[in-house]
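Before any comments, here is the structure.
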Amino acid sequence: MDSIYPFQTVLISALFLVAGIAHFIFPDPYLKVMPAYIPQPKAMVFWSGVAEVAGGSGFFFQPTRTAATLGLLLLLLAVLPANVEMLRQEQRGKNRRFVVILLALRIPLQFVLMWWIWSIGWVTS
């Protein structure tokens with residue numbers, strides 16, 4: 001790994017590897033936040049897990065980092081509706097204000113994560 005940001009590269013890779021593996025071990029939380037208009041939710045949870053594992057693995061290695069960067073950015077855009085659905089469900093449900101605030105903050109933080117991936121992925125590719 002010949003990166004000028006080795007810790008950040010490892011951190012991004014690990015984040016997506018762990019999240020991707022969680023899709024296979026604990027699919028129910030992901031299924032619960034799948035918007036109703038998404039077809040075949042089980043398949044979508046599975047394939048988003050595959051994409052996270054592939055992106056996390058690819059981001060770790062310099063020769064595949066550019067492709068992984070692009071893939072992770074597209075993945076984060078693709079899962080944005082699930083994050084919005086999670087917030088919507090919580091607002092309708094128990095209405096735990098703290099949780100609602102955290103979920104509302106998650107949406108703009110997703111764009112910060114995208115910027116971080118882009119800045120590390122492009123600089124080190």
Side-chain angles (χ1 to χ4, degrees):
M1 183 177 69
D2 55 337
S3 171
I4 60 174
Y5 299 103
F7 175 74
Q8 293 181 52
T9 302
V10 170
L11 189 59
I12 291 169
S13 295
L15 174 77
F16 282 95
L17 284 168
V18 169
I21 291 168
H23 280 69
F24 309 125
I25 299 172
F26 308 108
D28 289 342
Y30 299 98
L31 288 168
K32 288 179 184 176
V33 298
M34 190 69 63
Y37 59 84
I38 302 291
Q40 300 182 358
K42 287 183 181 179
M44 292 299 182
V45 168
F46 174 82
W47 288 111
S48 63
V50 168
E52 287 188 354
V53 168
S57 300
F59 199 85
F60 186 77
F61 299 103
Q62 194 275 333
T64 55
R65 192 166 303 131
T66 299
T69 297
L70 181 59
L72 289 173
L73 293 174
L74 292 173
L75 175 67
L76 288 170
L77 280 176
V79 300
L80 194 56
N83 292 336
V84 172
E85 178 65 15
M86 198 180 328
L87 173 61
R88 193 181 70 76
Q89 286 178 8
E90 191 62 36
Q91 286 174 324
R92 274 188 319 165
K94 301 170 193 136
N95 200 17
R96 296 173 293 182
R97 189 154 179 79
F98 181 71
V99 175
V100 170
I101 290 169
L102 288 177
L103 291 172
L105 289 173
R106 180 180 180 164
I107 294 167
L109 285 176
Q110 185 135 352
F111 291 101
V112 171
L113 179 60
M114 292 170 71
W115 170 84
W116 184 38
I117 290 167
W118 177 82
S119 64
I120 300 300
W122 255 244
V123 168
T124 62
S125 294

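Owing to the predicted nature of the structure, the values given are computational and were not obtained by experimental measurement.
- Looking at residues two or more places apart in sequence or on another chain, you find a side chain to side chain donor-acceptor pair (under 3.5 Å) between S48 and H23.
- In this structure, the separation between OG1 on T9 and CD1 on I117 is 11.0 Å, given to the nearest 0.5 Å.
- Side chains of W116 and L11 form a contact here, defined as non-hydrogen atoms less than 4.5 Å apart.
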Item to check | Residues F16, I21; criterion side chain to side chain contact (heavy atoms under 4.5 Å, CB included); working and verdict | outcome: CA-CA 8 Å; F16 282 95; I21 291 168; over 6 Å; no
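- Side-chain contact between F59 and T64 is absent, with no heavy-atom pair separated by less than 4.5 Å.
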Anything under 3.5 Å between a donor and an acceptor, one on a side chain of residues 30-47, the other on a protein residue two or more places apart or in another chain? List them.
none

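- Listed by chain and number, the residues in a side-chain contact (heavy atoms from CB on, under 4.5 Å) with V99 are E90, R96, L103 (sequence neighbours excluded).
- Between I120 and R65, the shortest heavy-atom distance links the atoms O-CD, 4.4 Å.
- M114 CE to L74 CG: the interatomic distance, rounded to the nearest 0.5 Å, is 8.0 Å.
- Both W122 and L75 are assigned to one and the same hydrophobic cluster, defined by single-linkage of ILVMFWY side chains at heavy-atom distances under 4.5 Å.
- By the side-chain contact (heavy atoms from CB on, under 4.5 Å) test, I101 pairs with R97, L105, sequence neighbours left out.
- One hydrophobic cluster holds both L72 and I107 under the rule that ILVMFWY side chains link at heavy-atom gaps under 4.5 Å.
- With rounding to the nearest 0.5 angstrom, the CG atom of L73 is 9.5 Å from the CH2 atom of W118.
- Residues passing the ring pair (Phe, Tyr, Trp, His ring centres under 6.0 Å) test with F111, sequence neighbours excluded: none.
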Under 3.5 Å, which donor-acceptor pairs link side chains of residues 79-88 to any protein atom two or more places apart or in another chain?
{"unit_1": "N83", "atom_1": "OD1", "unit_2": "R106", "atom_2": "NE", "d": "3.4"}
{"unit_1": "N83", "atom_1": "OD1", "unit_2": "R106", "atom_2": "NH2", "d": "3.3"}
{"unit_1": "N83", "atom_1": "ND2", "unit_2": "Q110", "atom_2": "OE1", "d": "2.2"}
{"unit_1": "E85", "atom_1": "OE1", "unit_2": "R88", "atom_2": "NE", "d": "2.9"}
{"unit_1": "E85", "atom_1": "OE1", "unit_2": "R88", "atom_2": "NH2", "d": "3.1"}
{"unit_1": "E85", "atom_1": "OE2", "unit_2": "R88", "atom_2": "NH2", "d": "2.7"}
{"unit_1": "E85", "atom_1": "OE2", "unit_2": "Q89", "atom_2": "NE2", "d": "3.1"}

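- Evaluation of the side chain to side chain donor-acceptor pair (under 3.5 Å) rule for W115 yields no partner, not counting sequence neighbours.
- Applying the ring pair (Phe, Tyr, Trp, His ring centres under 6.0 Å) test to F26 and every residue at least two apart in sequence or in another chain returns nothing.
- Within the structure, salt bridge (charged side-chain N to carboxylate O under 4.0 Å, His left out) contacts touching residues 8-28 (residues at least two apart or in different chains) do not occur.
- Listed by chain and number, the residues in a side-chain contact (heavy atoms from CB on, under 4.5 Å) with L15 are L113 (sequence neighbours excluded).
- Looking at residues two or more places apart in sequence or on another chain, you find a side-chain contact (heavy atoms from CB on, under 4.5 Å) between S57 and L17, V53.
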